[in-house]
Structure formats: structure tokens, C-alpha cells
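Read through the structure below, which is laid out as C-alpha cells, and then see the notes.
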Amino acid sequence: MGVYDSNIKRDVDEINKLLKGVKPSTPKVPTTINPKYRSFITAIKSKPFLLLAGISGTGKSRIVRELARACWDEGSTEFKAQKPKNFEMVQVKPNWHDSSELIGYVSRIDGVRYVVGPFLKFMVKAINDPDTPYFLCLDEMNLAPVEQYFAEFLSVVESRKRQEDGTITTDPIVGYSNTDEYKSLIDQLFPNDDTLRSQYLTEKGGKRLSIPTNLIVVGTVNMDETTFSFSRKVLDRAMTIEMNEVDLYGGLDDRHEKIGKLEAGNLIGTSVEGVDVYRENKEVCDTALKYLQAINLNLDGTPFKVAYRTRNEFLLYVVNNLPYNKDKDGKEIPQQEVIARALDEITSMKILSRIEGDSDKIGNLLEELGKTVSEQLKDISGKDYSEKKNDGEKVYSVSLAKLEEMKGRLKSGYTSFWS
């Protein structure tokens, strides 16, 4: 089946889904969305856990707030608000070594009760407003060890499954228990809804505190002597985007980022695994798999080799980028170039972000990866790629640029993705 035939089949399948009441997996992209923010939007749709890395002052936390603002009509109360209701910022503290400050804890002072953390409070707001994307920003996320204070989320986010009816479910982040502390938690989270409280307090067949699909967690990251490095457990579960470029003229002519109006379908994914998109996009996915296999050959024998989780996210990210096939001038981009662009970006997000070590550990890996990325992208798109932004007819590559940066650091004896 060719790409054209595959697209026709996908259109028919989407119509059938609509008739069954299931949301389509790839909504049309509004022409108002600024291409500058495409990678943020498609990364979130592929995995609603995003790390924004970069030097201090580049607007990482601001962009999270502005993405939340872009979910509202321009001129509306929420759009004009200092803090839209679908945005919450939590400042991570260096002394966090468990989830008590974020999710909550049981207090036995003056009786048994659950002290609810800001994560659960905001999560319930998202549960009660399922058609609106809700953004939780963990500011300076790596001031404390993420795998310690955010352990429950890191586990539960990997339990996401798409059910036969198209809904996505997760394990509960706080499990049911027939205890006073659990009842105290539910009473506080749903104080004005007797029906909901009763459902969450029902042992068999009741509702559970699962992560809703419209909850997006974004962590801002600065790497310096005051912060912790990320374990591969964390990096494997997140999408990573760097924000190191600075436009000194930016933000001087408008108070808000010009993102464009974001609909729920642009940010909330209906697929969570490769199997959810493979059949309807087989030719595209096979191209991505061939590319990833070539990358994995370079990683063979190293602790950086990737498996099924990364494969799934590669496929989701590529498929979620397919609708974004126009350049900044509105000219259509060939599908193979769209695929190559997405593969280049997610290579930086998911492969390079995991690589770190000294000369003995890294060896020639970065050099070999650069050759493979360059060759594979050219095979897919028919174009040459370069790490330089102004390089004649060559196309700028995010991953090749990062590889050059990492090779430069290795000359001092040690390298990593992080600046």
C-alpha cells in the first residue's frame, strides 16, 4: 500500500471512529499555529511529560504558561489572566526526597487525615474539565532527585493504555484503601460533589485517582553545580527539548507568545503505544523503524541502546508530526521531509539526551552516530543535512548540531547532552 492509499484508508477509519464516538487521532492543524512551537506541541501529544532544558532566563517556565494560555480564545478572561486556570507552577525545593510535598502525606496529628499536595489538587481540576489541556510546570525540576520525589508519577505514566473504546487509562497514582486517610483525601478533593465522592469511595467498580489524559507535566531544567543530573529512568519517560537560543528582540512587541489557538486535539494524544498507530501508518512507521534500527546498531554494546518504550515514542512522534506539512510560508512540505525532520528532532530528544560518559566509555560513538544520522536522513528525504544553520543547500539538523557540541565537550575528557 502506498502513502497516498494509506492516507485514504486513514481518512475512512477516522470517519468510522467519529461515527462510533471516538475522537480522531490526527486532527487537522489550524493554520494559526506558529511553526516555532510545533515540536513542543507534537512532543506533548506523543508523551505528556516534557523536559525543557537550557540556560537560565530563556523563558522555559514562561512558554509553559503561554501554551496553557493558547488553549483559550484570544481576548477571553482566561487568555488575559496572569495565570490561566489550566496552568499551575510548583517550585521544586532542594530538600525534596519523597513525594510528600508534591502528592501529599498522612498526618496523625489531631486525628487521621490526608494532607493533599499541589499535584493531586491540580490533577483533580483536570479530571473535572476533561476537554481542556492542563499544564503543571515543575520549576527547577532537578533541584532535587526526580526519581525520588516523583516516583509515583514516573511509574504510573508508563501504565497508560488505550482501551477498545479509544479511551486512555492509567493505574491510580493513589490507590484505593478502606481507611480514614483515603476517605479524608477524597472528601478534600471532591468537597462539593456527593456523587463523585461516593464513586471514588466504592471498592468494587468505583472510580480511581488515575492520571487524566489532559494533564501535561512539564519540568524546567537548568544544569549547574546546584542541580542533580537525570537518571536514564527519568529520561526514558520524558520528551526533552532544549531552549538555549536567545532572541534579544523577542517579547518586545507583544506581552504574550504568538502561538496561535490550540485545540485539545492538538495536545491530547489518543495513542500511547506504537501498536496504536502502526497499522494505519505502516509505511511511515516502517521508515521510522528502519532509521531507529540503524541508530541502535551504533548503540549496540553500550548502556544507551534503546528498546520498546523509545520505539513507541519514535513512532508516535513521527505520526503526530504528519499533519504539520506546511512551511512558514504555507508551502506544502513533502511527506518524506516531514518524516526526516521528526526523526531528526526525536533523535535529540530520546537518544542523545541519554548519552554521557568519558572518553573510554564513549569512544567513537558520537562520530559513528553522526554518520548514521546524516546517511539515514538523506536516504529518507533525498537532502543533505548539516549541523550549521546557514550552510548553502544543506538542511539544518538538530541532532547533528548537538552531536558536534557533545564531541567538543568530549575533548575535555567527559561529555553529556546537558549544557
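We use all heavy atoms of the structure for the numbers below, so side chains are in, but hydrogens, waters and symmetry mates are not.
- Of the charged side-chain nitrogens involved, at least one lies within less than 4.0 Å of a carboxylate oxygen, so that E313 and K350 count as a salt-bridged pair.
- Proximity of I44 to I41: side-chain heavy atoms (C-beta onward) are nowhere separated by under 4.5 Å.
- Remark: D384 engages K378 in a salt bridge, criterion side-chain N to carboxylate O under 4.0 Å.
- The shortest side-chain heavy-atom distance between R341 and Y324 falls under the 4.5 Å cut-off.
- Proximity of R237 to R309: side-chain heavy atoms (C-beta onward) are separated by under 4.5 Å at one or more points.
- Here the side chains of L316 and E273 are not in contact, with every heavy-atom distance at 4.5 Å or above.
- Taking a 6.0 Å sphere around CD of Q91, one finds it holds 12 or fewer heavy atoms contributed by other residues, nucleotides or ligands.
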### Steps toward salt bridge (Lys or Arg N to Asp or Glu O under 4.0 Å) verdict (D286, K290)
CA-CA 6 Å; D286 284 343; K290 179 176 177 291; over 6 Å; no

### Task
Report the C-alpha separation of S107 and Y114 in whole Å, then their side-chain angles, then the decisive distance to 0.1 Å, and conclude whether the side chain to side chain contact (heavy atoms under 4.5 Å, CB included) test is met.
CA-CA 6 Å; S107 171; Y114 200 101; over 6 Å; no

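- Using a cut-off of 4.0 Å between Lys/Arg side-chain N and Asp/Glu carboxylate O, K261 and E263 are scored as salt-bridged.
- Applying the 6.0 Å contact sphere to NZ of K388 captures no more than 12 heavy atoms from other residues, nucleotides or ligands.
- Between I268 and D131, every side-chain heavy-atom pair lies at or beyond the 4.5 Å cut-off.
- Residue pairs meeting the ring-ring contact (aromatic ring centres under 6.0 Å, His included) criterion with at least one partner in residues 290-319, sequence neighbours excluded, do not occur; the list is empty.
- Between S271 and R162 the shortest heavy-atom distance is OG-NH1, 3.4 Å.
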### Query
Can you list the steps and then say if Y176 with Y182 is a ring-ring contact (aromatic ring centres under 6.0 Å, His included)?
CA-CA 7 Å; Y176 171 88; Y182 181 75; 5.2 Å; yes

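- The side-chain heavy atoms of R160 and T169, taken from C-beta on, include no pair separated by under 4.5 Å.
- Under 4.0 Å is where a charged nitrogen must lie from a carboxylate oxygen, and between R113 and E181 no such pair does.
- With no hydrogens or angles considered, a side-chain donor-acceptor pair links Q188 and S184 at under 3.5 Å.
- Scanning for ring pair (Phe, Tyr, Trp, His ring centres under 6.0 Å) contacts around Y134 gives F122, with sequence neighbours left out.
- Listed here is the closest heavy atom pair of S100 and Y105: O-CD2, 3.6 Å.
- In this pair, F190 and Y200 present their aromatic rings parallel. The plane angle is below 30°, not in the 30 to 60° band.
- When all heavy atoms of Y396 and E387 are compared, the pair lying nearest together is CE1-O, 3.2 Å.
- R38 has a carboxylate O that lies under 4.0 Å from a charged side-chain N of E345, or vice versa, which qualifies the two as a salt bridge.
- No more than 12 heavy atoms of other residues, nucleotides or ligands lie within 6.0 Å of NZ in K207, so this atom counts as exposed by the packing criterion.
- No side-chain donor from either of N320 and T42 sits under 3.5 Å from a side-chain acceptor of the other.
- Between K383 and E337 there is a salt bridge, since a side-chain N of the basic residue sits under 4.0 Å from a carboxylate O of the acidic one.
- With contacts defined as side-chain heavy-atom distances shorter than 4.5 Å, the pair I355/I362 qualifies.
- For W96 and Y149, the gap between ring centers is short of 6.0 Å.
- Remark: K93 does not engage E140 in a salt bridge, criterion side-chain N to carboxylate O under 4.0 Å.
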### Query
Checking salt bridge (Lys or Arg N to Asp or Glu O under 4.0 Å) for the pair E88/R65: CA distance, chi angles, key distance, verdict?
CA-CA 8 Å; E88 187 67 49; R65 187 187 300 256; over 6 Å; no

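- Interatomic distance, CG of L267 versus OG1 of T132, reported as 11.0 Å (0.5 Å rounding).
- R69 and E66 are joined by a salt bridge, as a carboxylate oxygen and a charged side-chain nitrogen come within less than 4.0 angstrom of each other.
- Side-chain contact between F228 and M141 is absent, with no heavy atoms from C-beta onward closer than 4.5 Å.
- Partners of F49 by ring pair (Phe, Tyr, Trp, His ring centres under 6.0 Å), not counting sequence neighbours, listed by chain and number: F153.
- Salt-bridge formation is not detected for the pair K233/E147: no Lys NZ or Arg NE/NH1/NH2 atom is positioned less than 4.0 Å from an Asp or Glu carboxylate oxygen.
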